[in-house]
Amino acid sequence: MSEKHLQTGDVLPPYSGKLRVFAMRFCPYAERTVLVLNAKNLQYDLVFVNLDHKPEWLFNFSPKGTVPALEYEQGKAIFDSNIINFYLDEKYPEPALQSADPLRRAQDKIIVELFASVQSAFYTAAYNAQNLQPEMVENYHKGLESLQKELVARGTKYLHGDTPGLVDFTLFPFFERFEALPLIGKPEFALDKAKYEALVNYIDAMKTVPAVKSYYLTAETHAKFMESRNKGDANYNMLDTSDVCCMRPRKKKE
Ligand SMILES: N[C@@H](CCC(=O)N[C@@H](CS)C(=O)NCC(=O)O)C(=O)O
């Protein structure tokens, strides 16, 4: 699969009949949807788009021009990672990624809601570092400490249970990116193994889940992308190998 990001003026690839996700390779929200599709073993196509030069047709699928959007039938789409993921879990119930208990489902949503301040500190550190305030770093650690407490209190390998669920796939894309912050000069965002032992073990376990492993990118790769975006020239296509894969050595002239 090409990881090339289509941009303004590029043609929409033909619809294959599979579910289709409009994404950006480094977007944590789009990753949430990819992980859920993987966990459910669904067949899908990915179309990556350049968010600085959006293809005109992106707005037919995502009126706000954000990713992810899911084309569930030709020309028909829904957008927003949480909306898409709840839809997928209801439409394709196996394996179920939410608890059967309504209270536990509500508690999972609260975890995601409380994570918002952690996410917001991350975004400021990654892309708007000049506005980073000490209380944001504090909120980041407070949020992670209470998440770790919740994980320990649940006593399961993942927040969902013995296998990961929607709540885990919703948070993980951010954990993947947090590890890049110390590499771009933000050591205060590192997760100290002594303080965050349970959380770090949980993150490491998530990395081994097949649904995650096949889409996971290293901290170094995320750091490279962040640095390119901070320089004003986001390198969307840094993973695209479609141009170099098929070059054959030239035959020598006789
Ligand atoms: N709440 C949305 C947020 C999606 C979002 O902000 N995606 C970013 C990329 S990571 C985006 O599309 N940005 C382009 C823009 O805002 O114009 C979701 O969960 O899907």
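When a ligand or atom number is given, it counts from 1 through the structure's own listing order. Computation of the quantities below employed the complete heavy-atom set of this structure, encompassing side-chain atoms and omitting hydrogens, waters and symmetry-equivalent molecules.
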Classify the angle between the aromatic ring planes of [X] and [Y] as parallel (below 30°), tilted (30 to 60°) or perpendicular (above 60°).
X: Phe26; Y: His5; result: parallel
X: Phe174; Y: Phe178; result: tilted
X: Tyr92; Y: Tyr87; result: perpendicular
X: Phe225; Y: Tyr236; result: tilted

Requested in this report: Kindly indicate whether a cation-pi arrangement holds for Arg25 with Tyr215, taking the cut-offs as under 6.0 Å to the six-membered ring centre and within 45° of the axis.
Outcome: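 Judged by the rule, Arg25 and Tyr215 form a cation-pi pair.
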Query raised in the report: Using heavy atoms and a threshold below 4.0 Å, how should the contact between Val67 and ligand 1 be classified: side chain, backbone, both, or neither?
Result: both
Query raised in the report: Under a 4.0 Å heavy-atom limit, does Lys54 contact ligand 1 with its side chain, its backbone, both, or neither?
Result: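 Answer for Lys54: side chain.
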Top protein contact for [atom], by heavy-atom distance:
atom: atom 19 (O) of ligand 1; answer: Ser81 OG, 2.6 Å
atom: atom 10 (S) of ligand 1; answer: Cys27 SG, 2.6 Å
atom: atom 2 (C) of ligand 1; answer: Asp80 OD2, 3.4 Å
atom: atom 13 (N) of ligand 1; answer: Leu51 CD1, 3.9 Å

Requested in this report: Would you check the N or O atoms of Thr66, main chain and side chain alike, for any that come under 3.5 Å of an N or O of ligand 1?
Outcome: no
Report task. Using a strict cut-off of 4.0 Å, indicate which atoms of ligand 1 neighbour a heavy atom of Pro68. Result -> 20 (O)
**Report entry** Pick from Phe26, Phe79, Tyr29, Phe22: the one approaching atom 3 (C) of ligand 1 most closely through a non-hydrogen atom
**Finding:** Tyr29
Requested in this report: Of all the heavy-atom pairs spanning Lys54 and Leu51, show the shortest one and how long it is.
Outcome: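 Closest approach of Lys54 to Leu51: CE-O, 3.5 Å.
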Query - Pair listing, salt bridge (Lys or Arg N to Asp or Glu O under 4.0 Å) test, anchored in residues 202-228, at least two apart - result: Glu179-Lys207, Asp204-Lys207
